[in-house]
Amino acid sequence: MREINITLPDGSKASYPPGVTVTEAISSWHKEKLKSAIAARINGVSVDLSRPLQNGDALELIDVSSEEGLSILRHSISHVMAQAVQDIFPGAQVAIGPSIESGFYYDFEYGQAFAPEDLEKIETRMKEIVAAKHPFQRRELPREEAMAFFRERGEPYKVELINDLPGDVKTVSLYGQGGYVDLCRGPHISSTGKIKAFKLLNVAGAYWRGDEKNKMLQRIYGTGFATDKALKEYLHLLEEAKKRDHRKLGRELDLFQINEDAGQGLIIFHPRGTVLRNLIEDWEKKEHKKRGYEMVMGPQILKAELWKRSGHFDHYRDNMYFTEVEGQSYGIKPMNCLSHMLIYKSKIRSYRDLPIRYFELGTVHRHEKTGVLHGLMRVRQFTQDDAHILCTPSQLNAEIRAIADFVGYAMKIFGFDYEVELSTRPKDSIGSDEEWEMATAALKEAMRDNGMSYEINEGDGAFYGPKIDFKLKDALNRKWQCATIQCDFTLPERFDLSYIGEDGEKHRPVMLHRVILGAIERFMGVLIEHYAGAFPLWLAPVQAVLLTVTDKFIPYGEEVLGRIADAGIRVEKDFRNEKLGYKIREAQLQKIPYMLVIGDREMESGQISPRQRDGQNLGAVGVEAFTSLVREKCARFE
RNA sequence: GCCGAUGUAGCUCAGCCGGUAGAGCAACUGAUUCGUAAUCAGUAGGUCCGCGGUUCGAUUCCGCGCAUCGGCUCCA
């Protein structure tokens with residue numbers, strides 16, 4: 001029999017007997033590579049290590065250290081988990097079980113709820129399966145046979161999955177290990193024995209196929225890594241992330257509360273939280289003014305009739321609150337655009353006036369479902385740094401690009417990385433196809449011109465137009481939408497907005513809805529987690545605290561306090577009869593940037609000794625030297 | 001809204017099989033006058049989330065509600 005030629009991962013060629021598998025080929029090449037190899041790619045297609053090679057195949061290895069390798073490992077662990085669940089809970093039906101960014105999950109239908117304690121039992125069983133070193137075996141079946149197979153095994157979800165495959169799919173692949181068989185494209189690891197480190201994390205409900213009309217299944221989340229060390233590191237990271245939770249820090253740093261008696265999703269800002277919020281808002285006002293925005297303010301409630309005209313009543317009603325005033329129905333605003341359009345309409349506009357940029361720190365109310373509320377991130381009343389830009393179609397591109405630059409600038413100031421998505425037309429929407437296409441194209445072009453990369457989020461646009469969304473991540477890597485740019489041809493139409501063009505004729509302006517930080521509440525939540533509560537100097541609610549060594553220095557301390565406060569620095573005092581170490585510890589836990597120590601030496605020389613939050617002592621300095629240092633450090637932000 | 005878990009002092013948490021509750025920190029009082037992450041002692045503090053039910057008796061068992069947490073769906 002003639003040998004077949006293979007291109008090895010390093011580009012070299014080798015000949016093997018026909019039917020040679022990936023594992024066999026690699027064994028004779030660099031055997032040690034098999035230790036950390038999870039799967040392989042043949043001519044660019046991911047396959048199992050047991051896959052036989054054909055003449056002319058180009059072979060690559062997928063190592064467990066690669067993103068794809070880890071994902072394959074986790075996917076295999078999810079199969080092992082499914083096996084363990086069915087061993088312990090006979091009759092549990094399996095739905096889907098993919099690997100995800102930080103691990104994997106598997107969805108099950110089972111008569112009773114899995115308790116958190118059950119996870120331990122499942123883990124124990126999984127360890128047995130791993131110890132047994134069951135090989136993962138692939139086989140292919142015609143789709144009809146596969147459907148019959150799963151029907152017989154009492155797995156209706158698998159039957160449905162196969163049934164919904166595209167018509168041209170004639171065969172499907174199954175993977176089995178230790179008596180468990182799953183519908184799966186693969187590839188998988190060669191044996192359960194390759195699994196070294198995993199942990200089941202939590203149980204949650206999840207709708208079948210993500211549709212709330214469908215049955216709710218039970219989802220078990222877990223994670224897995226190539227080594228025990230990596231797993232431990234990840235679990236440690238999770239613990240650390242919990243310490244950054246803005247809800248925890250909000251209480252510890254006395255920033256805000258959410259009070260059960262006051263209502264869900266409603267934020268009550270404490271003095272320090274209010275300082276932080278005002279600093280952010282002041283920064284916004286300054287930056288908007290620089291960029292040609294005019295500040296405006298609209299009312300909190302507007303007649304329901306007006307919301308009908310805008311389309312909100314038909315398309316956004318479920319999220320709105322209504323109230324009645326002297327027999328008239330009013331809608332509490334969920335968005336700020338209506339007032340802004342009325343301002344535009346208050347007089348005849350010329351093309352020379354455009355673009356017009358109205359900016360409002362607009363407080364809105366939206367009825368969010370109970371289960372989605374989340375600290376500052378998802379609330380029922382929030383304030384947007386909202387603006388509406390009315391411009392001619394030819395100005396659109398420059399306006400969108402300027403906003404995107406503004407967002408980029410803001411993110412740099414606050415130190416964030418972000419992801420960009422383009423959200424297209426949703427099912428429930430207003431406007432013509434043509435308008436949607438123009439609007440979507442305008443957003444795409446502006447992003448292209450700005451050299452931005454983005455993902456497409458199909459069908460996730462606002463009901464009146466497509467949008468560019470900027471997403472920030474919280475401590476647990478959950479994404480939150482903050483900035484957004486929405487292009488709208490339809491509301492100007494509905495409100496009959498116009499301007500007089502060069503030709504003396506009436507024309508329709510285009511409207512951009514946009515926020516930079518988004519909801520101030522949400523932004524603060526992300527900000528708190530981003531800095532773990534240790535705000536940069538310019539944002540710190542308390543920038544410095546004066547600490548006396550003993551009571552003796554209180555009069556001098558009071559004098560210094562006055563001088564520092566007069567310099568515009570947010571300073572507090574801790575003149576309590578406690579040891580210095582105690583006061584330092586407390587200031588440290590409050591994450592105050594500067595602790596200013598006052599004792600004998602300082603009183604004599606008329607100085608203070610600043611200690612930085614990072615533990616560094618600056619030594620004795622004059623009060624004015626300190627205040628100018630702080631002012632200098634804040635100058636570029638204020 | 002849906003699935004699951006949780007709800008005890010300001011905070012973090014104990015509390016067995018039903019017999020009306022404890023610790024540490026914080027607070028308050030006193031002593032100490034102290035130099036860069038916790039001085040000592042004492043005192044006070046609770047509708048055990050709420051409302052019903054079972055029981056001689058419920059923080060504990062059951063039901064309903066409210067809220068929080070993790071997800072799903074939905075969104076800034």
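None of these values were measured; they are calculated from a predicted model. Proteins get letters first, then strands, A, B, ... in listed order; numbering begins at 1 in each.
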Over all strands shown, is [X] touching base, sugar-phosphate only, or nothing at heavy-atom distances under 4.0 angstrom?
| X | value |
| --- | --- |
| A/G205 | base |
| A/N617 | base |
| A/V379 | base |
| A/R478 | sugar-phosphate |
| A/K552 | nothing |
| A/R378 | base |
| A/M377 | base |
| A/G371 | base |
| A/G599 | base |

Looking only at atom [atom1], what distance separates [N] and [M], rounded to whole Å?
| N | M | atom1 | value |
| --- | --- | --- | --- |
| B/U60 | B/A26 | C1' | 29 Å |
| B/G19 | B/U59 | C1' | 12 Å |
| B/G7 | B/U47 | C1' | 15 Å |
| B/A67 | B/C51 | C1' | 15 Å |
| B/U6 | B/G63 | P | 13 Å |
| B/C61 | B/U54 | C1' | 8 Å |
| B/G42 | B/G24 | P | 11 Å |
| B/U8 | B/C16 | P | 15 Å |

Output yes when [X] and [Y] qualify as a salt bridge under the 4.0 Å nitrogen-oxygen rule, no when they do not.
| X | Y | value |
| --- | --- | --- |
| A/R277 | A/E521 | yes |
| A/E117 | A/K121 | no |
| A/R272 | A/E572 | yes |
| A/K583 | A/E586 | no |
| A/E287 | A/R291 | yes |
| A/E240 | A/R244 | no |
| A/E101 | A/R74 | no |
| A/E160 | A/R209 | yes |

Any N or O donor-acceptor pair under 3.5 Å from the base of B/C75 to the side chain of A/R522? yes
State whether the distance check finds a donor on one side and an acceptor on the other, under 3.5 Å, for side chain A/R209 versus base B/C72. no
Between A/D600 and A/E578, the residue closer to the 5' end of RNA chain B by nearest nucleotide is A/D600
With RNA chain B as reference, determine whether A/E586 or A/Q381 sits nearer its 5' end, using the nearest nucleotide of each. A/E586
Atom pair distance, as rounded to whole Å: [atom1] in [X] and [atom2] in [N]:
| X | N | atom1 | atom2 | result |
| --- | --- | --- | --- | --- |
| A/K215 | B/C2 | NZ | P | 16 Å |
| A/E212 | B/C72 | CD | P | 13 Å |
| A/R576 | B/G30 | CZ | C1' | 17 Å |
| A/D469 | B/C74 | CG | C1' | 14 Å |
| A/D107 | B/G4 | CG | C1' | 14 Å |
| A/H246 | B/A76 | NE2 | P | 18 Å |
| A/Y582 | B/A37 | OH | P | 15 Å |
| A/E602 | B/U36 | CD | P | 12 Å |

Does the structure show a Watson-Crick or G-U wobble partner for [N], both distances under 3.5 Å? Name it, or say none.
| N | result |
| --- | --- |
| B/A58 | none |
| B/C2 | B/G71 |
| B/A37 | none |
| B/G46 | none |
| B/C51 | B/G63 |
| B/G18 | none |
| B/A23 | B/U12 |

Would you mind telling me which of [options] lies closest to the side-chain atoms of [X]?
| X | options | result |
| --- | --- | --- |
| A/A519 | B/C72, B/A76, B/G70 | B/A76 |
| A/Q481 | B/C72, B/U36, B/A76 | B/A76 |
| A/H374 | B/G70, B/C2, B/C75 | B/G70 |
| A/A204 | B/U73, B/G70, B/A76 | B/G70 |
| A/V597 | B/G35, B/G71, B/C74 | B/G35 |
| A/R251 | B/U36, B/U39, B/U12 | B/U12 |
| A/R585 | B/G35, B/U68, B/A38 | B/A38 |

Please state whether the phosphate of [N], meaning OP1 or OP2, lies under 4.0 angstrom from any side-chain nitrogen or oxygen of [X].
| X | N | value |
| --- | --- | --- |
| A/Q264 | B/A67 | yes |
| A/R219 | B/G4 | no |
| A/R247 | B/U68 | no |
| A/H513 | B/A76 | no |
| A/K467 | B/A76 | yes |
| A/R611 | B/A37 | yes |
| A/Q588 | B/A37 | no |

Tell me, please, whether A/F535 has A/R613 positioned over its six-membered ring: NZ or CZ under 6.0 Å from the ring centre and within 45 degrees of its axis? no
When every non-hydrogen atom of A/Q93 is compared with those of A/Q86, the smallest separation belongs to CA-NE2, 4.4 Å
Ring of A/Y221 versus six-membered ring of B/G71: centres under 5.5 Å and planes under 30°? no
